[in-house]
*Asks:* 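Please see the structure below; I have some questions.
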Amino acid sequence: MTLKCGSYQLIKKSSECKARLGQIYTTRGIIDTPVFMPVGTQGTVKGVASEFLHETGAQIILANSYHLYLRPGVEIIKKAGGIQKFNAWNKPILTDSGGFQVFSLSNMRKINEEGIEFRSHIDGSRHFFSPEKSMQVQKDIGADIVMCLDDCTQYPATYEYAKKSMELSLQWAKRCKKEFYEGNAYQTQALFGIIQGSVYNDLRTKSAQEMLNIDFTGYAVGGLSVGEPKESLHAVLENTLPIIAENKGRYLMGVGMPEDLWQCVEHGVDMFDCVIPTRNGRNGQVFTSLGKINIRNAEFKDDFSSLDPSCNCPVCAEYSKAYLNHLVRSKETLYLSLLSLHNIYFMINLMSGIRNSLKDDIFLKTKTEFFKKYYSKN
RNA sequence: GGGGGUGUGGCAGAGUGGUCUAAUGCACCAGACUGUAAAUCUGGCGGGCUUGCCCUUCGGUGGUUCAAAUCCAUCCGCCCCCA
């Protein structure tokens, strides 16, 4: 049997909760899930060279079509032979559609039914992203998994606003699918739909059902981690994920912190992405099995132990907290790479631990142990 | 020896009678960051508590004034120029 790019294979369900072990097939390799995908907006995971990224065990990374479209431009990437040739990352890549920029560049864009008009954050020039345009850009970039152009609803949003926004994403999703499969030329790439609806359960339900009707290879839950309370996030997942067919990959966009990964896997999420490991790394915050620390803090000036006693990453193997503290204080650029690398390794390793616990069907016990240790210093 | 200048919080540096516990930057102490316009941003940075006030602070001392970082005297330190 030939597996379609982006298709999900369920391997084992937890007997204790909705967590599940599986695999997502892509043309460039099989992804073991649950998986954490480091974010490389501009085609590079900030501060981490591909060879080090491989060492972390990363299976797939993100890139952003809006950013790559603006610079270097799609033509350059096509000329390079696709994004994987261009950025020397030969494993799967998922591209975001530009939908998140609707949210994050909210004061530099206008939305209408046709699409989104952006003012470039680089030079102020005007650009138009329609669902069709987003599909063309992502196909040209050469992503293995392509995301539908959506309207990432801001939080808070009134019910009426969230409804309109969700319905717009739905209309766009239909156009994305049509455009994506146009000419049947892109069977090596997968298209995922994105469920919206803010914190309103009936809107989420509607969005999920309609997305399933359109029929995508995988489904993402978007519009979360945009400022809503944690309870809302969990309520949405609890409500929405069961609607998605069991044989489809479920991707929670933009999440998250280590504690979020455990909790959301428990709800049945298969894929995550988040800028946290790299951004926080660049800001001195380090994730460890004993909780997060800010390596800039004075207490680490003469702490010659590694960042995390139970970490096997290249940074923990070689460098002390005291030295990393010194690098951060001195603004030596090396710390950007080292802390990002460690944090990514931490996330990837955490997911690997989650998968192992699912294999042995001891997810909840392992989760409890993780939290006990992670919060032991507070 | 003669002339000129200068001394402000950890550092640099504003302020030249009241609105000054004293701008700003750095340093320092913390916090935040969730499909990346982020190597960024925010807060704190003399002491005390009843959180509104009180005490202490602009080289030292003394003075003028209702009021002094700011004016005067004097002492001390530093810098420059001429001999």
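No experiment lies behind these values; they were computed from the predicted model shown. Naming: A, B, ... by sequence-line order, numbering from 1 per chain.
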*Asks:* Mind checking the P distance from B:C55 to B:U40? Whole angstroms is fine.
*Replies:*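 Each nucleotide's P atom is 42 Å from the other's.
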
*Asks:* Is a salt bridge present between A:Lys12 and A:Asp361, judged by a nitrogen-to-oxygen distance below 4.0 Å?
*Replies:*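 So A:Lys12 does not pair with A:Asp361 through a salt bridge.
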
*Asks:* Round to a whole Å and report the spacing from CZ of A:Arg71 to C1' of B:U36.
*Replies:*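 Value for this atom pair: 13 Å.
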
*Asks:* From C-beta outward on A:Arg279, which listed nucleotide comes closest to its side chain: B:U34, B:G35, B:C28?
*Replies:*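 In terms of side-chain proximity for A:Arg279, the closest of B:U34, B:G35, B:C28 is B:U34.
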
*Asks:* When you look at NZ of A:Lys163, are more than 12 heavy atoms from neighbouring residues, nucleotides or ligands closer to it than 6.0 Å?
*Replies:*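 Not buried by this count: 12 neighbours or fewer within 6.0 Å.
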
*Asks:* According to a strict under-4.0 Å criterion, is A:Lys301 in side-chain N/O contact with OP1 or OP2 of B:C28?
*Replies:*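 Answer is no, no contact under 4.0 Å.
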
*Asks:* Taking any heavy-atom pair under 4.0 Å as a contact, classify A:Ile194: base, sugar-phosphate, or nothing.
*Replies:*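 The residue A:Ile194 makes base contact.
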
*Asks:* Pairs of donor and acceptor atoms involving the side chains of residues 71-86 of chain A, under 3.5 Å and at least two apart or interchain, shall be tabulated with distances.
*Replies:*
{"unit_1": "A:Gln84", "atom_1": "OE1", "unit_2": "A:Arg28", "atom_2": "NH2", "d": "3.3"}
{"unit_1": "A:Gln84", "atom_1": "NE2", "unit_2": "A:Asp144", "atom_2": "OD2", "d": "2.6"}

*Asks:* Please report the distance separating the C1' of B:G10 from the corresponding atom of B:U57, rounded so that it comes out in whole Å.
*Replies:*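 B:G10 and B:U57 have their C1' atoms separated by 15 Å.
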
*Asks:* Is there a side-chain contact between A:Thr278 and the phosphate of B:U36, meaning an N or O under 4.0 Å from OP1 or OP2?
*Replies:*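 No, outside the criterion.
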
*Asks:* According to the Watson-Crick and G-U wobble definitions, with both distances under 3.5 Å, which nucleotide is paired to B:A12?
*Replies:*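 Looking at the geometry, B:A12 pairs with B:U24.
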
*Asks:* Which nucleotide, B:U34, B:C29, B:A32, lies nearest any side-chain atom of A:Ser225?
*Replies:*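 Nucleotide nearest to A:Ser225's side chain: B:U34.
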
*Asks:* For A:Ile141 and B:G35, give me the distance from atom CD1 to atom C1', rounded to whole Å.
*Replies:*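 These atoms are roughly 14 Å apart.
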
*Asks:* Hey, is NZ on A:Lys91 packed in by over 12 heavy atoms from elsewhere, all under 6.0 Å?
*Replies:*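 More than 12 heavy atoms, drawn from other residues, nucleotides or ligands, come within 6.0 Å of this atom.
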
*Asks:* How far does the P atom of B:G44 sit from the matching atom of B:A22, given to the nearest Å?
*Replies:*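 Each nucleotide's P atom is 13 Å from the other's.
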
*Asks:* Return a single string for nucleotides 39-45 of chain B, one symbol per nucleotide in 5' to 3' order, where B is base contact, S is sugar-phosphate-only contact and - is none, cutoff 4.0 angstrom on heavy atoms.
*Replies:* BB-----

*Asks:* Ring centroid separation for A:Phe129 and A:Tyr69, is it under 6.0 angstrom?
*Replies:*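 Under 6.0 Å, so yes.
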
*Asks:* Who is the Watson-Crick or G-U wobble partner of B:C29, with both distances under 3.5 Å?
*Replies:*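 Checking every strand shown, B:C29 finds its partner in B:G43, with both distances under 3.5 Å.
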
*Asks:* Using a strict cut-off of less than 4.0 Å between a Lys/Arg side-chain nitrogen and an Asp/Glu carboxylate oxygen, indicate whether A:Lys18 and A:Glu266 qualify as a salt bridge.
*Replies:*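 The answer is no: the pair does not qualify as a salt bridge.
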
*Asks:* Find the distance A:Ile93:CD1 to B:G35:P and express it as a whole number of Å.
*Replies:*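 Value for this atom pair: 17 Å.
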
*Asks:* Tell me if the side-chain of A:Asp96 makes a donor-acceptor pair with the base of B:G35, cut-off 3.5 Å, by modelled atom types.
*Replies:*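 Yes.
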
*Asks:* Separation of A:Leu94 atom CG from B:U36 atom P, in whole Å?
*Replies:*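 Distance check: A:Leu94 CG to B:U36 P gives 10 Å.
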
*Asks:* How far, in whole Å, is B:C79 from B:G25 if one measures between their P atoms?
*Replies:*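 Here B:G25 and B:C79 have their P atoms 31 Å from each other.
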
*Asks:* Considering only the C1' atoms, how many Å lie between B:U61 and B:U51, rounded to the nearest integer?
*Replies:*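 Per the computed distance, 36 Å lies between those C1' atoms.
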
*Asks:* Is the centre of the A:Tyr66 ring less than 6.0 Å from the centre of the A:Phe118 ring?
*Replies:*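 Yes, they do, as the ring centres are separated by less than 6.0 Å.
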
*Asks:* To the nearest angstrom, how far is A:Gln101 atom CD from B:U36 atom P?
*Replies:*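 Atom-to-atom, A:Gln101 to B:U36, this comes out as 5 Å.
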
*Asks:* Does A:Lys139 make a cation-pi contact with A:Phe180 (under 6.0 Å, within 45 degrees of the axis)?
*Replies:*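 Cation-pi check for A:Lys139 and A:Phe180: passes.
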
*Asks:* Any salt bridge between A:Arg175 and A:Glu114, counting N to O under 4.0 Å?
*Replies:*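 Counted as a salt bridge, because a side-chain N and a carboxylate O are separated by less than 4.0 Å.
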
*Asks:* Check the surroundings of atom CD in A:Glu113: do more than 12 heavy atoms from other residues, nucleotides or ligands lie under 6.0 Å from it?
*Replies:*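 No, not enclosed.
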
*Asks:* Roughly how many Å apart are B:G15 and B:C41, using the P atom of each and rounding to a whole number?
*Replies:*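 So the two P atoms sit 28 Å from each other.
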
*Asks:* Can you tell me, in whole Å, how much space there is between the C1' of B:A38 and that of B:C33?
*Replies:*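 One C1' to the other, the span is 9 Å.
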
*Asks:* Round to the nearest Å and state the distance from A:Asn280 atom CG to B:U34 atom P.
*Replies:*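 Atom-to-atom, A:Asn280 to B:U34, this comes out as 8 Å.
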
*Asks:* To the nearest Å, give me how far apart OH (A:Tyr69) and P (B:A37) are.
*Replies:*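 Roughly 17 Å, once rounded to whole Å.
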
*Asks:* Out of B:A38, B:A37, B:G31, which has the shortest distance to the side chain of A:His67?
*Replies:*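 Shortest atom-to-atom distance from the side chain points to B:A37.
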
*Asks:* Counting only heavy atoms and a strict 4.0 angstrom limit, can you tell me which residues of residues 106-131 of chain A come near RNA chain B?
*Replies:*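 By residue number: A:Asn107, A:Met108, A:His121.
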
*Asks:* Could you work out which one of B:G35, B:A30, B:C33 sits closest to the side chain of A:Lys292?
*Replies:*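 Looking only at side-chain atoms, A:Lys292 lies closest to B:C33.
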
*Asks:* Can you tell me the Watson-Crick or wobble partner of B:U19, both distances under 3.5 angstrom?
*Replies:*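 Its partner: none found.
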
*Asks:* With respect to the phosphate group of B:A27, does any side-chain polar atom (N or O) of A:Arg329 fall under 4.0 Å of OP1 or OP2?
*Replies:*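 A:Arg329 to B:A27 OP1/OP2: no side-chain N or O under 4.0 Å.
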
*Asks:* Look at the side chain of A:Asp150 and the base of B:G35, then say whether one donor and one acceptor between them are separated by less than 3.5 Å.
*Replies:*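 Indeed there is one.
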
*Asks:* With both distances under 3.5 angstrom, what nucleotide forms a Watson-Crick or G-U wobble pair with B:U6?
*Replies:*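 By the stated definition (distances under 3.5 Å), B:G77 pairs with B:U6.
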
*Asks:* Which part of the nucleic acid does A:Asp260 contact within heavy-atom distance under 4.0 Å: base, sugar-phosphate only, or nothing?
*Replies:*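 Base: the residue A:Asp260, judged by heavy atoms under 4.0 Å, touches a nucleobase.
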
*Asks:* Output the rounded distance in Å from CD1 (A:Ile276) to P (B:A32).
*Replies:*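 Atom CD1 in A:Ile276 sits about 11 Å away from atom P in B:A32.
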
*Asks:* Tell me whether A:Lys13 is salt-bridged to A:Glu246, with the criterion being a basic N under 4.0 Å from an acidic carboxylate O.
*Replies:*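 Answer for the salt bridge query: yes.
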
*Asks:* Please figure out whether A:Leu105 or A:Glu259 has its closest RNA chain B nucleotide nearer the 5' end.
*Replies:*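 With A:Glu259 and A:Leu105 compared, the 5'-side residue is A:Glu259.
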
*Asks:* How far, in whole Å, is B:G17 from B:A12 if one measures between their C1' atoms?
*Replies:*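 Going atom to atom, C1' in each nucleotide, I get 27 Å.
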
*Asks:* Take atom CZ in A:Phe103; do more than 12 heavy atoms of anything else shown fall under 6.0 Å from it?
*Replies:*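 Atom CZ in A:Phe103 is crowded, with more than 12 foreign heavy atoms closer than 6.0 Å.
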
